[in-house]
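Reading through the structure tokens given below for one structure.
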Amino acid sequence: MNTLHELPSYLVPAGAGPWDVFLEQIDRATVSMGELAYLVETLKRPKRILIVDVPVKLDNGAVAHYEGYRVQHNVSRGPGKGGVRFHQDVTLSEVMALSGWMSIKNAVIGVPFGGAKGGVRVDPRKMSEGELERLTRRYTSEIGIVIGPDKDIPAPDVNTNEKIMAWMMDTYSIMHGATSTAVVTGKPLALGGSRGRRDATGRGVFVCGRAAAKRIGMPVEGARVCIQGFGNVGDAAARCFVQAGAKVIAVQTVEGTIHNPAGIDVIKLAAHQQAGRPLAEFVGAATIPNAAFWEVESEFLIPAALEQQITVANAGKIRTRLMLEGANGPTTPEADDILATNGIIVVPDVIANAGGVTVSYFEWVQDISSYFWTEDEVNSRLDKIMSDAFEALWDAAQEARVTLRTAAFTLACRRILEARHLRGLYP
Ligand code: NAD
């Protein structure tokens, strides 16, 4: 055996990881598929997987190679849609699961997209600006054969942002000899981005939290909120909750955990973070061990970092009333069962964090029609789509006596499989 070469992650037989979680979630919904059950297998196999090698010339002259992926899970309801993640732990299993969750999310919320996701296995924090740009452009050109405004539309995810979307849009446009703003969403405003996109996911988390709280008769004002992840999603959700009179009492990031029962000033925390200062030096909260974060009593707990954070190891310790999944796939199925037994209501990722893709849909529509909306228009349409979808989901879950997650998967799988059924099987 040749031990000189490090195998890429997709060749390491270490279990199916997050994809396994997705499969189990599909299984839980399959019983309710009725006559569409004959098509369920479709959801257990991504339609298309592209694995690319991304060579990048580093500043020191060396050439580094990174694994890149684009997975289109299902396109029965429309073109693929889903973010691009740059992270050192990205695996094919993860990107497959994330693409599957995008199919479900887009169907739950009712936007006319299928599910897709992309990623590069790289730690972008260790790259210079120039290296990051070369990485982004090469990755875009490699996946350029499968993306496009009517094929598959990428967006930001963990460690990717407006600037990276601008480079992606530019690279794709150069490849096609025409400016194509609708090929990615989450772009800067000056390049066809949408007003309200930056805060949309966090705002959607809040809209769902407010609606769920109303259903259980719990006021948002004065509520205690704990947030894991203070990036795009966590920061915006925190601001919305604070504006509504709640207080954020604990925040965990990759750097550690801070806690203040009287409430953390989230605007100051964002400024502190933006200035590149260490979390532990933030004045106005005490540092606590990471494991203690899950035990802090709250009304709302928002995981908004990465997947598989709530497992059998910590689910039993959680003391909250409503968990709003800002992150994708933060809870394992076993942990889900523990939370349900303990009476904790989980508003699943496929609805809770759908605000981002909803405004991405708005951005795509605006780019295609070359007519741009005001921020108020964007926010009120977001509010309406999310609130309506949430209310329908809550009623469906109550009626079927299942969790919101199972209700969401059931509804979404039915919508996707109905589209598949109507289109028929080719040839
Ligand atoms: P981001 O990169 O802006 O922020 C991620 C945050 O998580 C950072 O504060 C980071 O410190 C923290 N974090 C990372 N690893 C951690 C760890 N091991 N423990 C604790 N904290 C950790 O990313 P984002 O865009 O806010 O995305 C967060 C999650 O939300 C992801 O699961 C993503 O898929 C999901 N999501 C994002 C969007 C979007 O519009 N950005 C939309 C839908 C879902």
Side-chain angles (χ1 to χ4, degrees), residues 18 21 81-90 94-95 97-102 104-106 108-109 111 115 117-119 123-125 154-165 184-187 193-194 196-205 208 226-239 250-258 266 269-270 272-274 276 278-280 282 288-294 302-311 314 324-331 348-363 382 386:
V21 173
K81 184 94 193 75
V84 170
R85 174 175 295 196
F86 288 172
H87 194 276
Q88 63 277 13
D89 297 332
V90 160
E94 180 183 69
V95 183
L98 290 165
S99 70
W101 287 320
M102 286 308 299
I104 301 296
K105 191 184 303 182
N106 291 332
V108 167
I109 210 81
V111 294
K117 202 82 181 190
D123 184 352
R125 290 169 304 180
D157 190 67
V158 175
N159 292 333
T160 55
N161 52 25
E162 289 182 0
K163 185 162 63 180
I164 288 173
M165 293 307 114
V184 290
T185 57
K187 300 179 295 295
S194 176
R197 173 63 182 88
R198 199 173 299 165
D199 284 355
T201 307
R203 181 178 287 274
V205 169
C208 287
C226 293
I227 306 184
Q228 186 201 34
F230 201 69
N232 182 306
V233 180
D235 174 22
R239 274 184 279 117
V251 170
Q252 181 175 93
T253 76
V254 72
E255 292 180 64
T257 306
I258 56 171
V266 294
L269 179 60
H272 179 87
Q273 203 174 247
Q274 216 142 42
L279 184 73
F282 180 69
I288 59 168
N290 278 342
F293 171 80
W294 304 107
I302 308 176
L306 295 173
E307 60 277 356
Q308 301 201 57
Q309 297 298 301
I310 296 136
T311 65
N314 57 2
L324 314 173
E325 293 186 332
N328 284 309
T331 314
D349 47 6
V350 289
I351 174 111
N353 70 29
V357 77
T358 304
V359 176
S360 273
Y361 165 56
F362 296 162
E363 181 174 333
L382 169 66
M386 297 278 306

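We're numbering straight along the sequence, starting at 1. Because the structure is a prediction, the values reported are computed rather than measured. Counting starts at 1 for both ligands and their atoms, following the listed order.
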*Verify, without hydrogens or angle tests, whether His272 (side chain) and Pro278 (backbone) share a donor-acceptor contact under 3.5 angstrom.*
yes

Where does ligand 1 get N/O contacts under 3.5 Å from the protein, atom by atom?
residue, atom, partner, partner atom, Å
ligand 1, 2 (O), Asn159, N, 3.3
ligand 1, 3 (O), Asn232, N, 2.9
ligand 1, 9 (O), Phe230, N, 2.8
ligand 1, 9 (O), Gly231, N, 3.4
ligand 1, 11 (O), Val254, N, 3.0
ligand 1, 21 (N), Val254, N, 3.3
ligand 1, 26 (O), Asn232, N, 3.2
ligand 1, 26 (O), Val233, N, 2.9
ligand 1, 30 (O), Gly326, O, 3.4
ligand 1, 32 (O), Ala305, O, 3.1
ligand 1, 32 (O), Asn328, N, 3.1
ligand 1, 34 (O), Arg85, NH2, 3.0
ligand 1, 34 (O), Asp157, OD1, 2.7
ligand 1, 34 (O), Asn328, ND2, 2.8
ligand 1, 40 (O), Thr201, OG1, 2.7

*Can you name the residues that form a side-chain hydrogen bond (donor to acceptor under 3.5 Å, both in side chains) with Arg85, not counting sequence neighbours?*
Glu94, Asp157, Glu307

_Under 3.5 Å donor-acceptor, Thr201 side chain and Gly356 backbone_ = yes

_Exam field: side chain Asp199 to backbone Gly196, donor-acceptor pair closer than 3.5 Å_ = no

*Using modelled atom types only, decide if a donor and an acceptor are shared between the side chain of Gln273 and the backbone of Phe230 within a distance under 3.5 Å.*
yes

*asked:* Donor-acceptor pair, distance only, cut-off 3.5 Å: does the side chain of Glu325 make one with the backbone of Pro348?
replied: no

